[in-house]
Amino acid sequence: MAIDYESHGWIWDGVYYYPHLFGGLMLTAALLGLSTSYFGGMGVFSLPYLRSDSGIFHKKKHENKKCVRVYMDGCFDLMHYGHANALRQAKDLGDELVVGVVSDEEIIANKGPPVLSMEERLALVSGLKWVDEVIANAPYAITEQFMNRLFNEHKIDYIIHGDDPCLLPDGTDAYALAKQVGRYKQIKRTEGVSSTDIVGRILSSLKDTQVKEDNSSTSSSGNSYKAIQSKSAHLSQFLPTSRRIVQFSNCKGPGPNARIVYIDGAFDLFHAGHVEILKNARQLGDFLLVGVHTDQVVSEHRGNHYPIMHLHERSLSVLACRYVDEVIIGAPWEVTKDMITTFNISLVVHGTVAETNTSLTGETDPYAIPKSMGIFRLLESPKSITTTSVAQRIVANHEAYVKRNAKKAHSEKKYYEEKTFVSGD
C-alpha cells in the first residue's frame, strides 16, 4: 500500500517524534471500531511500522539534514592522548572534523621552538581516527581573514577549543572573534598531561641519568635520594578510567575469517614513525592487534629512565590511531604459541627500527615462536625517528626548552589553582 508521505507531513512528524502516542491513538480507534482514514488511510496492520528506527521515517529524518563541520586547531607538538581526546570531543560536536596544524613560525613566536617538524605533526594528526581533514600552517590566532576563509572555503560551522584560556602574547583571547560571531563551542580540557609536562619529564629523566652517572663514581645515599626526588617531580597525573578506554576503542572484534596482524612495542612518546609502521602493518591484513609492553618491560630493555609515558598513556595514544583495531594493554615480551592461538593471529610483524638495551645478553628471541611457525615478517620502518631521538632534540636545546617550560608551567599552575568542575568528557 503506497503512503502519501507529503500530504500528511504533520502526521508523519508526529509519528516519528511521538510513536507511542500515535500508536496508542490508532490502537484505541481500532478497538472502538472507528475509521482510521483520518490518520492517512493507515490500517491496524501498519502498527509495526511505528518503530522510530524503521526505514520509512529515515527519509524525513535525513533528507534535509545539514552536514555540520567543526574546526579545531593546535600545535600538536609531542602528540599525546590529551590531544587525541580533545579532537574526539570536537568530532562529537559535528559530523566532520577539520584540524588546523599551527605553523612552526607561529609556534616559535607564541610559545617557543617546537620539538616536532610540521611534517611529523601533520602525520600524527592525520593518523587520528576522528580527523577528516587537515589544514597545514594554520595561524595561532583566529584572525578575521582566516575565520572568513574557514566559513566560506572550508564550510566550517563552529570553531572548537578547550575550556583552558588560550592567550596571545598581548594578553588577548585567541578565539575572541569566533566567540563574537556566535560560532564558538567549548570542550573540556583533558587533565593530567600536556606537552609542557612531557618536556618536563624528559628534562627530569636527563637529570636522573646524570645523577645515576654520579652515583657510579660515589655511592652516597644523598645522590640516590636526589635521583628519586628528580623522577617524582614529574610523575604522571593521569587517572585512567575504563570509560576513557571505551571512548577510544573501536569496540569491534575481528570477523570470523579475518586476517589478524600483530605488532608490539613500547610506543613511548607516540611519534610519526609509530603512525607509519602501524599503517603499513594494517595493510597486511584485515585487523591490526597491537601489544603495548608494560612499564617494567620497557625499563628492562631500554633503561631506567624509560618509559617517559606510562602504560595507560601509551595505550590510549595507540588506540587513537586510525590504523589500530585493538590493543593488548601490558603485552608480554615474548610472543607465545598460546597467545597466537588465543587471538587467532595470522601474522606477527616487527619494524627494522627499534630500541633495545644492547647490554642485555643471552636473552631469548621474543619472536622465536612465530618465526618457527612461518608467520613472522620484518617490516622496513618508513622513518628513522625514535623515542630517544625525539628526547635528544629537547636535550640538545636544553636552555630553550627550560625557558619555554618555565613560561608555560606558570600558566598551567594558575589554571589548576583556579579550575572548577566543567561538564564534559
Side-chain angles (χ1 to χ4, degrees), residues 53 79 81 84-85 87-88 91-92 95 97 123-132 240-268 270-294 297-298 309 311-354 365-382:
D53 62 343
M79 174 71 77
Y81 64 89
N85 192 48
L87 294 174
R88 179 193 66 80
K91 180 64 177 280
D92 281 346
D95 301 303
L97 173 61
L124 283 165
V125 173
S126 301
L128 289 175
K129 61 176 66 173
W130 301 286
V131 177
D132 297 295
T241 64
S242 58
R243 184 163 177 262
R244 179 71 75 232
I245 294 172
V246 171
Q247 288 171 334
F248 274 49
S249 174
N250 290 345
C251 297
K252 292 180 181 179
N257 300 311
R259 178 177 169 81
I260 300 171
V261 179
Y262 178 75
I263 185 171
D264 60 4
F267 299 99
D268 198 13
F270 199 74
H271 53 69
H274 292 138
V275 174
E276 295 299 329
I277 196 70
L278 291 173
K279 178 181 179 180
N280 290 355
R282 181 62 175 79
Q283 292 172 346
L284 298 175
D286 308 305
F287 191 93
L288 182 60
L289 175 65
V290 181
V292 181
H293 295 146
T294 65
V297 165
V298 177
M309 311 292 287
L311 176 60
H312 288 97
E313 293 176 313
R314 292 182 284 117
S315 297
L316 285 179
S317 291
V318 174
L319 264 178
C321 182
R322 66 170 69 249
Y323 308 112
V324 176
D325 295 293
E326 181 65 291
V327 168
I328 299 177
I329 303 173
W333 176 248
E334 294 183 28
V335 181
T336 64
K337 179 68 168 65
D338 180 70
M339 181 178 166
I340 291 169
T341 303
T342 298
F343 292 100
N344 196 28
I345 296 169
S346 304
L347 181 66
V348 176
V349 300
H350 188 61
T352 53
V353 173
D365 181 357
Y367 305 106
I369 298 297
K371 284 178 180 177
S372 68
M373 296 173 64
I375 61 169
F376 178 82
R377 178 170 171 179
L378 194 62
L379 271 184
E380 186 69 31
S381 297

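This is a predicted model, so every value here is computed, not measured.
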Next item on the list: Please report the C-alpha distance between I263 and V349 in whole Å, then the side-chain angles of each, then the deciding distance to 0.1 Å, and finally whether the side chain to side chain contact (heavy atoms under 4.5 Å, CB included) criterion is met.
Entry: CA-CA 5 Å; I263 185 171; V349 300; 3.7 Å; yes
Side chains of [X] and [Y]: does their closest heavy-atom pair fall under 4.5 Å?
| X | Y | result |
| --- | --- | --- |
| I277 | V353 | no |
| R314 | V298 | yes |
| F267 | L278 | yes |
| M79 | L128 | yes |
| D92 | R88 | yes |
| V246 | C251 | yes |

Checklist line | Set of side chain to side chain contact (heavy atoms under 4.5 Å, CB included) partners for S317, sequence neighbours left out | finding: Y81, F270
Check: Quick one: side chain to side chain contact (heavy atoms under 4.5 Å, CB included) partners of A123, sequence neighbours excluded?
Finding: A272, E276
Can you name the side-chain hydrogen bond (donor to acceptor under 3.5 Å, both in side chains) partners of [X], sequence neighbours left out?
| X | result |
| --- | --- |
| T352 | S381 |
| D95 | none |
| N344 | none |

Can you name the nearest heavy-atom pair linking [X] to [Y], along with the distance?
| X | Y | answer |
| --- | --- | --- |
| K129 | R322 | CA-CB, 3.6 Å |
| G351 | L378 | O-CD1, 3.9 Å |
| V348 | Y367 | CG1-CD2, 3.9 Å |
| A266 | V292 | O-CG1, 3.9 Å |

Ignoring hydrogens and angles, write down the donor-acceptor pairs under 3.5 Å from the side chains of residues 336-343, residues two or more places apart or on other chains.
{"from": "T336", "atom 1": "OG1", "to": "M339", "atom 2": "N", "distance (Å)": "3.1"}
{"from": "K337", "atom 1": "NZ", "to": "T341", "atom 2": "OG1", "distance (Å)": "3.4"}
{"from": "T341", "atom 1": "OG1", "to": "K337", "atom 2": "O", "distance (Å)": "3.0"}
{"from": "T342", "atom 1": "OG1", "to": "D338", "atom 2": "O", "distance (Å)": "2.8"}

Check: Which residue pairs satisfy the salt bridge (charged side-chain N to carboxylate O under 4.0 Å, His left out) criterion with at least one member in residues 369-381, sequence neighbours excluded?
Finding: D365-K371
Check: Could you give the distance from CG (L319) to CZ (R244), rounded to the nearest 0.5 Å?
Finding: 12.0 Å
Item checked: D264/H350 under side chain to side chain contact (heavy atoms under 4.5 Å, CB included): CA gap, chis, key distance, verdict -> CA-CA 7 Å; D264 60 4; H350 188 61; 4.2 Å; yes
Margin query: Under the rule for ring pair (Phe, Tyr, Trp, His ring centres under 6.0 Å), what residues qualify as partners of Y262, not counting sequence neighbours?
Written below: none
Check: With Y323, which residues qualify under ring pair (Phe, Tyr, Trp, His ring centres under 6.0 Å), at least two apart?
Finding: none
Next item on the list: Specify whether F248 and W130 have parallel, tilted or perpendicular ring planes, treating 30° as the upper limit for parallel and 60° as the lower limit for perpendicular.
Entry: perpendicular
Next item on the list: Might you work through the side chain to side chain contact (heavy atoms under 4.5 Å, CB included) test for L97 and D132, ending with a clear yes or no?
Entry: CA-CA 5 Å; L97 173 61; D132 297 295; 4.0 Å; yes
Check: Can you check whether L311's main-chain N or O pairs, donor with acceptor, with S315's side chain at less than 3.5 Å?
Finding: yes
For residues 279-291, run the donor-acceptor check on the side chains, cut-off 3.5 Å, and write out each pair with its distance to 0.1 Å, sequence neighbours left out.
{"from": "R282", "atom 1": "NE", "to": "D325", "atom 2": "OD2", "distance (Å)": "2.9"}
{"from": "R282", "atom 1": "NH1", "to": "G285", "atom 2": "O", "distance (Å)": "3.0"}
{"from": "R282", "atom 1": "NH1", "to": "D286", "atom 2": "O", "distance (Å)": "3.3"}
{"from": "R282", "atom 1": "NH2", "to": "D286", "atom 2": "O", "distance (Å)": "2.8"}
{"from": "D286", "atom 1": "OD2", "to": "R259", "atom 2": "N", "distance (Å)": "2.7"}

